[in-house]
Amino acid sequence: MKILVFSLVALFGLPLAFAANDARGMFLVVKGEVTVKRAETSSPAKAGFKVFSGDIITAGKDSRAKIGMKDHNVISVSPDTTFTIVNYVQGANRNVELELKSGKIRNDVQNSYDGEKNKFIIKTPTAVAGVRGTDFITSFDVGTNVTTVTTLKGRVELTNAAGKTVSIGAGMNSS
């Protein structure tokens, strides 16, 4: 799937599509009911729909989406998921912050983040996951109030609400 996404990026010139505005990414694939709330309006997402910092993305039951970000990171959204792109700053000092309210998102992170000047974090109501360049899945179950991080490639630092941090290597998970 990674080859397909990057082929789409190369074929359609994804970075060039953002030159005229502050868009941070765009939907590459949308299946089912996926909406984007921006300011006070809510719109159905479709392939090519741009995303911005501040957008709240919701995928309904049996719905999913794949978002290609301007910096070639890819966010895959699972069914029954709501998350916010709180901040997505690119360039010399990259600063990415996503807030997962419920459900599950997979992040294929192509860039290196040092956790200091360059940060990529996902916050849930019970934990914060920070990465340094990896492929990982973060989920939050509102029923059990549990955050789970599964690292597919690289390493993720997971800090719980009490401030305890664990390092999760490839092929491992933590809740």
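This structure is a prediction, so every number in the text was calculated from the model and none was measured.
- Atom-to-atom distance recorded for L100:CG and T138:OG1 is 7.0 Å, nearest 0.5 angstrom.
- Side chain of D141 to main chain of N145: no donor-acceptor pair is present (N/O by atom type, distance under 3.5 Å, no hydrogens or angles).
- H72 and Q110 get closest at one heavy-atom pair: O-CG, 3.2 Å.
- Side-chain heavy atoms closer than 4.5 Å link hydrophobic residues (I, L, V, M, F, W, Y) into clusters, and following such links, possibly through other members, connects F140 to I85.
- F120 is connected to I168 through a chain of hydrophobic side-chain contacts under 4.5 Å among Ile, Leu, Val, Met, Phe, Trp and Tyr, so both are in one cluster.
- Here the shortest heavy-atom pairing between G48 and M26 reads CA-SD, 3.9 Å.
- Between V77 and K66 there is no side-chain heavy-atom pair separated by less than 4.5 Å.
- Heavy-atom contacts from other residues, nucleotides or ligands closer than 6.0 Å to NZ of K101 number more than 12.
- Cluster annotation: V51 and I121 are assigned to distinct hydrophobic clusters (Ile/Leu/Val/Met/Phe/Trp/Tyr, side-chain heavy-atom contacts under 4.5 Å, transitive).
- No donor-acceptor pair under 3.5 Å is formed between the side chain of S102 and the backbone N or O of V142.
- Applying the side chain to side chain contact (heavy atoms under 4.5 Å, CB included) criterion to A127, with sequence neighbours excluded, gives T124, T147, L158.
- Counting only heavy atoms from C-beta outward, the side chains of I122 and I105 approach each other to under 4.5 Å.
- Side-chain contact check for R155 and S167: at least one donor-acceptor pair (N or O, by modelled atom type) lies under 3.5 Å.
- Under a 3.5 Å cut-off, the side chain of N107 and the backbone N or O of V109 do not form any donor-acceptor pair.
- Residues T81 and K104 have side chains that never bring a donor and an acceptor to within less than 3.5 angstrom of each other.
- Transitive grouping of hydrophobic side chains (ILVMFWY, heavy atoms separated by less than 4.5 Å) brings F49 and I75 into a common cluster.
- Considering CG of N118 and CG of N95, their distance stands at 8.5 Å, rounded to 0.5 Å.
- To the nearest 0.5 Å, atom CG of residue L28 and atom CD1 of residue I67 are 8.5 Å apart.
- Here the CD1 atom belonging to I57 is positioned 10.0 Å from the OG1 atom belonging to T82, to the nearest 0.5 angstrom.
- V146 and M172 are not part of a single hydrophobic cluster, where members link through side-chain heavy atoms under 4.5 Å apart.
- In this structure, S43 OG and R38 CZ are separated by 7.0 Å, a value rounded to the nearest 0.5 Å.
- A donor-acceptor contact shorter than 3.5 Å is absent between the side chain of R106 and the backbone of I137.
- Summarising the geometry of K50 relative to A23, their closest heavy-atom pair is CD-CB, 3.7 Å, with the distance given to 0.1 Å.
- Residues satisfying the side chain to side chain contact (heavy atoms under 4.5 Å, CB included) test with T159, not counting sequence neighbours, are T165.
- The two residues V34 and F27 make their nearest non-hydrogen contact at CG1-CE2, 4.0 Å.
- Scanning both residues, A59 and S78, for their nearest heavy atoms gives CB-O, 3.5 Å.
- Between D55 and K37, no side-chain nitrogen of the basic residue sits less than 4.0 Å from a carboxylate oxygen of the acidic one, so the salt-bridge criterion is not met.
- A donor-acceptor contact under 3.5 angstrom links the side chains of Y88 and N73, judged on distance only.
- Within the 3.5 Å criterion, the main-chain N or O of N173 finds no donor-acceptor partner in the side chain of T150.
- Residues V149 and F136 share a closest heavy-atom pair of CG1-CD1, 4.2 Å.
- The backbone N or O of A170 sits nowhere less than 3.5 Å from a side-chain atom of T151 that would complete a donor-acceptor pair.
- E97 has no carboxylate O lying under 4.0 Å from a charged side-chain N of K119, or vice versa, which leaves the two without a salt bridge.
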